[in-house]
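None of the values given here were measured: they were computed from a predicted structure.
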Amino acid sequence: MCHVCVINNVKSSMLSRRDFFRKSAAAGFAATAIGAASARPALAEASGKIVDLTHTFDGDFPTFDGKPGILYTENVNFDASGYQLWELTIFEHSGTHIDAPLHFSKDGMSVDELDPQSLICPLCIIDIKSKAADEPNSMVEPEDVEAYISAHGEIPQGACVAMNSGWQDKVGDASYRNNAEGNFAFPGFSKAATDMLAEMGAASIGVDTLSLDPGSSEDFAVHYSWLPSGRFGIENLANLDALPAAGATLFVGAPKHRNGTGGPARVMAMI
């Protein structure tokens, strides 16, 4: 089939699917699930622009414990065999990755058990770059959530609420992880804010830093409250500045290994 024919067929299919979603939403079909219900109207109105929110993952990417998050061992050599294959050793919580409920609970939901409908959802981005520039351990606080709602409307049911602290600019520098004294220093969420978001029906939170909690946290209060509640988190998000504060649809390519506490993910958004 010619390239032009393929493109025309794809366009026709996309238009048909958009009509389907519009008609289904009008008939109340979108109310069948929290995640899908919130995401489908966004998909139906989307321009089709995709923003990759995933950092390229290699052994140099910063990790919480300072160890390489991925190791490569050559398993099959191209010159010898005509194809090539790497054996990978991957630590679950490295790169742009998911924190599943099991990460901070003994018998919580594992990453393969996450509801697929929660992996496609509205994305709300709360910008705290100004205060993070002054205080590395700044947090998204309830007043930041309230300011977001005043400016952009209510948090949709099933949404992912992401913190944009501007920390992506520090990737490749020691300050992404530590301050000059060698202590953890990076922004995160406060428990008060995530408690509020849970009451509002948000299904996940995301950060552009190493942890859902700020670097100065000594008790991982957000991890211990948000994750055991059955919700998940995303850490080390990229390119949040390329998206509007409201209106994008998030697609989370979560890993699906049994009993996983999380794992590297391909995360994208459509606007």
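- Taking 4.5 Å as the limit, some side-chain heavy atom of Asn236 sits within range of a side-chain heavy atom of His97.
- Contact between Ile155 and Cys124 at its shortest, heavy atoms only, is CD1-SG, 4.1 Å.
- Counting non-hydrogen atoms of neighbouring residues, nucleotides and ligands closer than 6.0 angstrom, the CZ atom of Phe91 reaches no more than 12 such neighbours.
- For the pair Thr209 (side chain) and Pro187 (backbone), a donor-acceptor distance under 3.5 Å is present.
- Proximity of a side-chain donor or acceptor of Ser138 to a complementary backbone N or O of Lys131 within less than 3.5 Å is detected.
- Asn178 and Asn183 form no side-chain donor-acceptor contact under 3.5 Å, judged by distance and modelled atom types alone.
- By the 30° and 60° cut-offs, the orientation of the rings of His223 relative to Phe220 is perpendicular.
- For Ala192, the side chain to side chain contact (heavy atoms under 4.5 Å, CB included) partners are Pro142, Ser190, not counting sequence neighbours.
- Judged purely by distance below 3.5 Å, without hydrogens or angles, the side chains of Asp208 and Tyr176 never pair a donor atom with an acceptor atom.
- Using a 4.5 Å heavy-atom threshold, the side chains of Ser204 and Ser118 count as separate.
- The two residues Ala245 and Tyr148 come nearest to each other via the heavy atoms O-OH, 2.9 Å.
- A 4.5 Å side-chain heavy-atom check between Val267 and Ile234 finds at least one atom pair inside the cut-off.
- Nearest heavy-atom pair, Pro264 versus Phe57, reported as atom, atom and distance to 0.1 Å: CG-CE2, 3.7 Å.
- Side-chain contact check for Gln168 versus Leu240: every heavy-atom pair is 4.5 Å or farther apart.
- The backbone N or O of Pro101 sits nowhere less than 3.5 Å from a side-chain atom of Arg231 that would complete a donor-acceptor pair.
- In this structure, Ser165 OG and Ile126 CD1 are separated by 12.5 Å, a value rounded to the nearest 0.5 Å.
- Between the side chain of Glu235 and the backbone N or O of Leu212 there is at least one donor-acceptor pair closer than 3.5 Å.
- Considering only residues two or more places apart in sequence or on other chains, Leu119 meets the side chain to side chain contact (heavy atoms under 4.5 Å, CB included) condition with Leu114, Phe232, Val252, Ala254.
- Ser217 and Asp219 share a side-chain donor-acceptor pair at under 3.5 Å.
- Put simply, the side chain of Met163 reaches to within 4.5 Å of the side chain of Phe189, judged on heavy atoms.
- Looking at Thr194, its side chain never comes within 3.5 Å of a backbone N or O of Val222 through a donor-acceptor pair.
- A side-chain donor-acceptor contact under 3.5 Å links Ser110 and Glu113.
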- Query: Glu74 and Glu87: side-chain contact (heavy atoms from CB on, under 4.5 Å), yes or no, with the steps?
  - Reply: CA-CA 6 Å; Glu74 186 179 56; Glu87 177 183 338; over 6 Å; no
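- Here the NZ-CG distance, from Lys170 to Leu210, works out to 12.5 Å after rounding to the nearest 0.5 Å.
- Within the 3.5 Å criterion, the main-chain N or O of Lys67 finds a donor-acceptor partner in the side chain of Thr63.
- Across all their heavy atoms, Ala242 and Val51 have their closest contact at CB-CG1, 3.9 Å.
- Taken from CG in Leu123 to CG in Leu243, the straight-line distance is 6.0 Å, to the nearest 0.5 Å.
- What you find for Met139 and Ile128 is that their closest heavy atoms are C-CD1, 4.2 Å.
- Separating the CG atom in Asn164 from the CG atom in Leu237 is a distance of 9.5 Å, to the nearest 0.5 Å.
- Shortest non-hydrogen contact noted between Asp58 and Ile70 is C-CG2, 3.4 Å.
- Donor-acceptor pairing under 3.5 Å is recorded for the side chains of His257 and Glu92.
- Judged purely by atom type and a 3.5 angstrom limit, Asn239 uses its side chain to pair as donor or acceptor with the backbone of Asp52.
- In the hydrophobic cluster analysis, where Ile, Leu, Val, Met, Phe, Trp and Tyr join through side-chain heavy atoms closer than 4.5 angstrom, Ile149 is grouped together with Leu197.
- Distance alone, capped at 3.5 Å, is enough to place a donor-acceptor pair between the Arg177 side chain and the Phe64 backbone.
- A 4.5 Å side-chain heavy-atom check between Leu250 and Pro122 finds every atom pair outside the cut-off.
- Centroid-to-centroid, the aromatic rings of Phe61 and His55 come within less than 6.0 Å.
- Taking a cutoff of 4.0 Å between a charged side-chain nitrogen and a carboxylate oxygen, Asp213 and Lys191 do not qualify as a salt bridge.
- For Trp167 and Phe186, the distance between ring centers is not under 6.0 angstrom.
- For the pair Leu102 and Val111, the minimum side-chain heavy-atom distance is 4.5 Å or more.
- Judged by distance alone, with hydrogens and angles left aside, the side-chain atoms of Asn137 form a donor-acceptor pair with the main-chain N or O of Ser216 at under 3.5 Å.
- Between the Ser229 side chain and the Trp226 main chain, a donor and an acceptor come within less than 3.5 Å of each other.
- No side-chain heavy atom of Tyr72 sits under 4.5 Å from any side-chain heavy atom of Thr89.
- Atom-to-atom distance recorded for Ile50:CD1 and Met270:CE is 3.5 Å, nearest 0.5 angstrom.
- In this structure, Glu154 places its CD atom where only 12 or fewer heavy-atom neighbours from other residues, nucleotides or ligands lie under 6.0 Å away.
- Rounding to the nearest 0.5 Å places CG of Asn75 at 11.5 Å from CD of Gln84.
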